[in-house]
Engineer: 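Sharing a structure, written as structure tokens. Questions coming.
Labels below follow one simple rule: chain letters A, B, ... track the order of the sequence lines, proteins then strands, and each chain is numbered from 1.
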4 protein chains.
Amino acid sequence: MDKPLRRRLSPEARKREIVEAAERLLQQHGSRVRVEDVVREAGVAKGTFFLYFPSWDDLLETLRDRLTAEFDATYPLPTEVDGPVDWPAVLDWLAGAYIDFASARQGIGQALFHSDFAERRPLGDHAIVRLAAIIRAGQEAGAFGAVDPEPTARLLYAAIDEAPRAVAGGMDRNATVAALQNLLRRTLAP
Amino acid sequence: MDKPLRRRLSPEARKREIVEAAERLLQQHGSRVRVEDVVREAGVAKGTFFLYFPSWDDLLETLRDRLTAEFDATYPLPTEVDGPVDWPAVLDWLAGAYIDFASARQGIGQALFHSDFAERRPLGDHAIVRLAAIIRAGQEAGAFGAVDPEPTARLLYAAIDEAPRAVAGGMDRNATVAALQNLLRRTLAP
Amino acid sequence: MDKPLRRRLSPEARKREIVEAAERLLQQHGSRVRVEDVVREAGVAKGTFFLYFPSWDDLLETLRDRLTAEFDATYPLPTEVDGPVDWPAVLDWLAGAYIDFASARQGIGQALFHSDFAERRPLGDHAIVRLAAIIRAGQEAGAFGAVDPEPTARLLYAAIDEAPRAVAGGMDRNATVAALQNLLRRTLAP
Amino acid sequence: MDKPLRRRLSPEARKREIVEAAERLLQQHGSRVRVEDVVREAGVAKGTFFLYFPSWDDLLETLRDRLTAEFDATYPLPTEVDGPVDWPAVLDWLAGAYIDFASARQGIGQALFHSDFAERRPLGDHAIVRLAAIIRAGQEAGAFGAVDPEPTARLLYAAIDEAPRAVAGGMDRNATVAALQNLLRRTLAP
DNA sequence: AATGAATGAGGTTTCATTCAT
DNA sequence: TATGAATGAAACCTCATTCAT
């Protein structure tokens, strides 16, 4: 009969706890996770959840933004300031980085990007815009061929995004990385 | 006391009516469609639905199989029997065919392949196996390079599958087809 | 452990059962009554309630219409067809009828006409229009004085409506009827 | 580390601030107003509210008492000390005074006197007792007829109370006042 | 084989009130 | 005295599935 013990935290800390609890559960169980589960995992009352998120979808959106920002911060794109960039090498590195980042977050990807939620709250263009920027930069540097950046970025992103799911599904990690790198390099080769 | 005069149909015909009603609705409204909607569209009672499908997911699975079979029947792969096959041209043709087929079925793709259902009932390998077979055949004919067929097929399929969604999202159809063809040809080039 | 036994009724019968269950409870407990209570009293599942009423307020509205119609049917206004009408006597009779009708339905009146619901779903003019019609008819017959029918009808209705609450609150029934009859007759006297 | 610099007020002043904030909001929004809204308007923390009022209903009760007292103070009844009182004229004056007082406080009337709160915390007899006293005084002065003071006061009060709502609902103010004055004078006429 | 009324678990959301700080 | 984060019971509502007819 241990009392739950009401813990008072700063709003930011409490919000972070809820987000992290959700992240943990989503990782394991994908979109089967419900508010009920998250509050149990976070050790808070149901009302507390809605104190920080107007609705369930708002939590997912927060999580999605957080994830995007985390990837961008962990893997910042190289800039020309420190000398010329080896764009094909950037592609190789990006392929491996994405696969490892997303493989460690299995269910989240499903719940945030391949679920009914993704349909209800369409994703922004962030990732695709970023990829298109790389393509353009590479083209200007003469490292890439004359492909149409927008549609190509979108298709390449789909392939990149599929890779960690292939690995999760049992495909060999290194073979998948190699196949993805081959696909990226060749598609963009001059 | 006029009895409702129930239409007596063969089980196959009745089942097909339900499937087609679902197909029509899913096309327009994606995974928002409910059992209620389907039976209204099909003009049958709710109980009848469950006479033919143990559960909602079973209908979706039936629909998925049907769609796959329909595509395979509409776009049969060429065989060597009538002389050598121009594999790169097959790729080009496949890209256009897939985009047009799936563009005409927008919401269904979402509901069957990019929803919580897809997570609950994972898709078989059919499409990827088929693509891998093409790659292998092309390699044997000396038309494709030495890529690893399985992971490559999976990544290419992801790109192919994204293309109609790009078009639905406003991307130019021809630019998308061109980008996809470029991606396929170059990835598999010798 | 007696099974609840699923009873199949015609929609009208089932709807009526729910309405009557609500009526019974509202009578005793006023606006404290909730969906939960009504379904228990009616012996149906919660979902059944929402099968017949999109929302709680819709049940209350149905009940309100039903009550109004019931009163009108039970106490139809006299018409001139069978000879001249004694309008002042109609007033006396109406006063008594209303008090007895509403006294037998205490809590309902509160829940439907003097609660937050009444604020959310404002009442139509039905009762007041009916009273104004009586006033006008009496005036034309020379039985009533030259009061302004609309505002007078509204004020008189407020007094009429208060009477059963006075009785419910302990006031003597006959003294209240007498006071109300006096108020009506004198206000409208020529 | 600047402390929030809490405004120290005397308990009475702080309580009055809360009451007045509630009054302002209730006036505009009726019983839709919540504790949350009141504390924001008053510029105090939520806990502070419950420091001064054990419950929400206690605030409403305080407000109700305050309103009653305010009306009594603003419109004190005439006494015989300065000579005989013209009781019928008092009625006329009272009708106009009440309508104007309550018209300026629309939502409050609803929230305090015609809501679920009014059911939970029944109103005292104050207003009715006051009106009955007028009737009796007028009767003693020979200005009013031999009606039964208690039930009549209650019914008249209902009519008086309805008048400002009629005006709020679009009825002409002067026509309403006239109708009410007619009702009062005639009902009580000798 | 067919119906459609009925179910009830499951979900989101609200808000007066409490209590650690 | 004051704060405001936290609570949790209770409300409304949905919808795949069941089952009496």
Engineer: Please state how far atom CZ in C:Arg40 lies from atom P in E:dT7, giving the value in whole angstrom units.
Structural biologist: 15 Å
Engineer: Please tell me if the side chains of C:Arg34 and C:Leu25 come closer than 4.5 Å, counting only heavy atoms from C-beta onward.
Structural biologist: no
Engineer: Protein within reach of the bases, or only the backbone? For nucleotides 16-21 of chain F, mark each nucleotide 5' to 3' as B, S or -, using heavy atoms under 4.0 Å.
Structural biologist: SBBSBS
Engineer: Would you mind reading off the distance between C:Phe117 atom CZ and F:dC12 atom P, rounded to a whole angstrom?
Structural biologist: 13 Å
Engineer: So, do D:Arg66 and D:Glu20 sit near enough that their side-chain heavy atoms are less than 4.5 Å apart?
Structural biologist: yes
Engineer: Counting only side-chain heavy atoms from C-beta out, which of F:dA2, E:dA6, E:dA2 sits nearest to B:Tyr52?
Structural biologist: E:dA2
Engineer: Students often get this wrong, so: under 4.0 angstrom with heavy atoms, is A:Phe53 touching a base, only sugar-phosphate, or nothing?
Structural biologist: nothing
Engineer: Please convert DNA chain E into dot-bracket. A pair counts if it is Watson-Crick or G-U wobble with both distances under 3.5 Å; crossing pairs go in [ ] and bases paired with another strand get |.
Structural biologist: .||||||||||||||||||||
Engineer: Under 4.5 Å between any side-chain heavy atoms of B:Ile108 and B:Arg64, yes or no?
Structural biologist: no
Engineer: Does the pair B:Glu12/B:Arg16 count as a salt bridge with the N-to-O cut at 4.0 Å?
Structural biologist: no
Engineer: Under 4.0 Å between any heavy atoms, over every strand shown, what does C:Leu51 touch: base, sugar-phosphate, or nothing? Just pick one.
Structural biologist: base
Engineer: Testing the 3.5 Å rule here: is there a donor-acceptor pair between the side chains of C:Ser55 and C:Asp58?
Structural biologist: yes
Engineer: Where along residues 105-115 of chain B does a heavy atom fall under 4.0 Å from DNA chain E?
Structural biologist: none
Engineer: With side chains defined as the heavy atoms from C-beta onward, is the minimum distance between D:Val44 and D:Tyr52 less than 4.5 Å?
Structural biologist: no
Engineer: Give, for atom CG of D:Leu63 and atom CZ of D:Phe117, the distance between the pair rounded to the nearest 0.5 Å.
Structural biologist: 8.5 Å
Engineer: Measure the distance from CD on B:Glu17 to P on E:dA1 and round it to the nearest whole Å.
Structural biologist: 16 Å
Engineer: At under 4.0 Å between heavy atoms, what does D:Val39 touch on the DNA or RNA strands: base, sugar-phosphate, or nothing?
Structural biologist: nothing
Engineer: Over how many whole Å does the gap from C:Arg32 atom CZ to F:dA10 atom C1' extend?
Structural biologist: 16 Å
Engineer: Rounded to whole Å, please give me the gap between CD1 in A:Ile18 and C1' in F:dT7.
Structural biologist: 12 Å
Engineer: Determine yes or no for a side-chain-to-main-chain donor-acceptor pair under 3.5 angstrom, with A:Glu41 supplying the side chain and A:Ala22 the backbone.
Structural biologist: no
Engineer: C:Gln28 side chain to C:Gly107 main-chain N or O, any donor-acceptor pair under 3.5 Å?
Structural biologist: no
Engineer: Side-chain donor-acceptor pair under 3.5 Å between D:His114 and D:Asp161, yes or no?
Structural biologist: yes
Engineer: So do C:Val38 and C:Trp56 actually touch side chain to side chain, heavy atoms under 4.5 Å?
Structural biologist: yes
Engineer: Closest nucleotide of DNA chain E for B:Pro11 versus for C:Arg14: which of these residues is on the 5' side?
Structural biologist: B:Pro11
Engineer: D:Lys15 NZ to F:dA2 P: how many Å, rounded?
Structural biologist: 13 Å
